[in-house]
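Notes to accompany the following structure.
Proteins get letters first, then strands, A, B, ... in listed order; numbering begins at 1 in each.
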2 protein chains.
Amino acid sequence: MNATVSRDFSHLRALLQSSKKVIPLRKHSFLFQEGMPANELYLILSGKVQVSKICPDGKEMCFRICGSGEIVGELTLFTNDPRYLLTAKVIEPGEAAVVNKTELEEQLLINPPLTLEYMRWMSKHVRRTQTKFRDLIMNGKKGALYSTLIRLCNSYGIPLEDGSIFIDVTLKHQDLANFCGTTRESVNRMLNALKQEGIISMKRGKITVHDLNYLKTEIQCEDCPPDICCIE
Amino acid sequence: MNATVSRDFSHLRALLQSSKKVIPLRKHSFLFQEGMPANELYLILSGKVQVSKICPDGKEMCFRICGSGEIVGELTLFTNDPRYLLTAKVIEPGEAAVVNKTELEEQLLINPPLTLEYMRWMSKHVRRTQTKFRDLIMNGKKGALYSTLIRLCNSYGIPLEDGSIFIDVTLKHQDLANFCGTTRESVNRMLNALKQEGIISMKRGKITVHDLNYLKTEIQCEDCPPDICCIE
DNA sequence: ACAATGCTGTGATGCTACTCACATTGTAAC
DNA sequence: GTTACAATGTGAGTAGCATCACAGCATTGT
């Protein structure tokens with residue numbers, strides 16, 4: 001994942017990294033919250049940040065988990081809207097580089113290679129979202145969960161010797177439910193069913209997927225490349 | 001809607017319109033289909049085109065309906081993927097301007113105002129998709145349908161004297177179902193319930209919404225601007 | 001170590017939405 | 001107009017999920 005980011009988006013990353021301002025990410029703190037004035041965006045250097053939308057009725061919808069090398073807060077670029085629409089919560093401590101929004105906008109307009117990278121990145125973003133759409137809506141809640149697990153594998157999976165994939169992110173059942181648009185209880189039941197079948201196992205809150213193919217065939221996965229089929 | 005497009009995206013539109021090649025859109029024909037080599041994109045001059053993804057099991061997921069002034073096929077820009085991922089079907093005859101993909105890519109890199117417009121457009125795209133996500137996933141199938149109706153009003157609604165909104169697109173129940181990720185029967189039942197309540201009425205396959213507010217409150221609409229809350 | 005708190009597991013219950021089946025209505029073609 | 005076919009309407013049965021309620025564990029802080 002990070003390899004992909006650095007290969008394809010080296011200019012963008014370099015620019016963001018050149019930022020002098022680095023801030024610590026403290027667990028459970030917010031990088032930004034819905035409604036806050038949006039003047040900057042962030043490059044995650046280490047740690048993990050969860051981006052989600054809080055609904056008026058208290059429900060939460062998770063969109064992304066961002067790790068090292070990923071950009072957060074980009075949605076306010078080139079819009080008139082001066083406020084964040086989403087909330088970014090730190091789920092694993094680390095550091096982030098801070099970039100001024102106006103500065104980046106200016107750079108993007110005069111630096112063709114940078115422009116190209118940014119456009120390429122946005123295109124990918126849109127394609128990712130479309131595949132996710134299909135998964136979350138077309139195959140019921142089971143499809144939504146399986147898809148989320150597959151995407152977690154592609155984004156944060158560490159291959160083990162026996163072919164299993166260890167997902168190196170701590171997610172509560174409630175968090176998974178927020179990704180899938182379902183309930184904690186449903187996630188719990190579905191995960192337990194998968195455990196029974198030996199498809200997955202869990203240890204200290206982290207999931208290992210033993211049979212990724214089972215998940216893929218269940219949701220009629222079309223084997224889109226891992227840089228499309230991931231947690232955005 | 002079209003007013004918005006021309007105001008915000010005049011450069012982009014002008015470039016696309018300067019294209020010498022114009023093709024007719026014949027009803028039920030395809031502008032492109034999934035898997036076809038993608039070398040060009042299109043500006044709809046008149047008529048309407050529906051963009052959707054066909055799933056392996058025969059189900060269809062609709063993403064957009066594009067009318068005059070809108071750009072179709074943009075997702076292949078700046079990607080290595082030489083093929084269309086979606087299918088564009090003509091649902092109302094008209095004409096489209098054809099633009100070479102490579103040409104547009106080159107233009108985009110050397111023409112800053114154009115670049116700016118394109119990025120702005122992509123940002124909007126992503127934001128639209130995010131709000132749609134919440135609507136389709138968080139409030140059940142009723143939320144999905146109501147959201148689709150609201151978006152249709154914003155994109156293709158014609159205000160009537162009595163405050164009602166006439167949606168000027170002919171959509172079968174099955175098409176609406178494809179937008180919502182539900183079934184024809186469910187759409188039928190929900191629409192009939194809305195008719196009973198006097199919220200909507202139908203005439204020759206087209207819907208008139210009499211009480212848009214009812215739909216909005218039912219899905220906890222946060223009144224996002226119409227250029228975000230629309231059929232993409 | 002203990003209490004307090006948060007997370008996970010599980011049954012019971014009811015609503016939501018899908019499926020299947022078929023009737024009715026609308027529409028296009030001849 | 002008549003016929004054929006497509007689209008809509010509706011009932012019955014069922015699967016899928018949400019909800020509520022509460023018990024068992026695990027983690028954290030003091």
Find the distance B/M202:CE to C/dG26:P and express it as a whole number of Å. 12 Å

Quiz question: going by heavy-atom distance under 3.5 Å, is there a donor-acceptor pair between the base of C/dT8 and the side chain of A/R204? no

Nearest heavy atoms of A/Y84 and A/N39, plus distance in Å: OH-N, 4.1 Å

Quick one: on DNA chain C, does A/R189 or B/K141 contact a more 5' nucleotide (nearest heavy atom)? A/R189

Closer to the 5' end of DNA chain D via nearest nucleotide, is it A/G181 or B/L171? B/L171

In whole Å, I'd like the distance from the NZ atom of A/K195 to the C1' atom of C/dT10. 13 Å

Just by distance, no angles: are the side chains of A/Q196 and A/N192 close enough, under 3.5 Å, to form a donor-acceptor pair? no

Find out whether the Lys NZ or Arg CZ of B/K132 is both under 6.0 angstrom from the six-membered ring centre of A/F133 and within 45° of the ring's axis. yes

Could you tell me how far apart B/K142 (NZ) and C/dT16 (P) are, to the nearest whole angstrom? 7 Å

Taking only side-chain nitrogens and oxygens of B/S186, does any of them come within less than 4.0 Å of OP1 or OP2 of C/dC18? yes

5′-ward residue of the pair A/G140/B/K172 relative to DNA chain D: B/K172

Output the rounded distance in Å from CD (B/E185) to C1' (C/dC20). 8 Å

To the nearest angstrom, the NZ-C1' distance between B/K27 and C/dA28 comes to 12 Å

Of all nucleotides in DNA chain D that come within under 4.0 Å of a heavy atom of chain B, which is furthest toward the 5' end and which toward the 3' end? D/dA7 to D/dA12

Donor-acceptor side-chain pairing of A/T79 and B/R127 below 3.5 angstrom: yes

Please report, rounded to the nearest Å, how far the C1' atom of C/dC18 is from the CE atom of A/M138. 13 Å

Using C1' atoms of five pairs at each end, report the bend of the helix from C/dA1-D/dT30 to C/dC30-D/dG1 rounded to 10 degrees. 50°

Please set out all donor-acceptor pairs under 3.5 angstrom arising from side-chain atoms of residues 55-64 of chain A, sequence neighbours excluded.
unit_1	atom_1	unit_2	atom_2	d
A/D57	OD1	A/K59	N	3.2
A/K59	NZ	B/M138	O	3.3
A/E60	OE2	A/S52	OG	3.0
A/R64	NH1	A/I71	O	3.3
A/R64	NH1	A/E74	OE1	3.3
A/R64	NH1	A/E74	OE2	3.4
A/R64	NH2	A/I71	O	3.0

Tell me the interatomic distance from B/K203, atom NZ, to C/dT25, atom P, rounded to whole angstroms. 19 Å

Would you please say whether a donor-acceptor pair under 3.5 Å links the side chains of B/R151 and B/S147? yes

Please name the residue in the list A/V187, A/L152, A/I207 that meets the side chain to side chain contact (heavy atoms under 4.5 Å, CB included) test with A/L171. A/L152

Rounded off to whole Å, could you give me the CG-to-C1' distance for the B/N188 and C/dA21 pair? 15 Å

Checking A/T183 against A/S186: is there a side-chain donor and acceptor pair closer than 3.5 Å? yes

Taking A/K53 for the side chain and A/T87 for the main chain, is one N or O donor matched with an acceptor at less than 3.5 Å? no

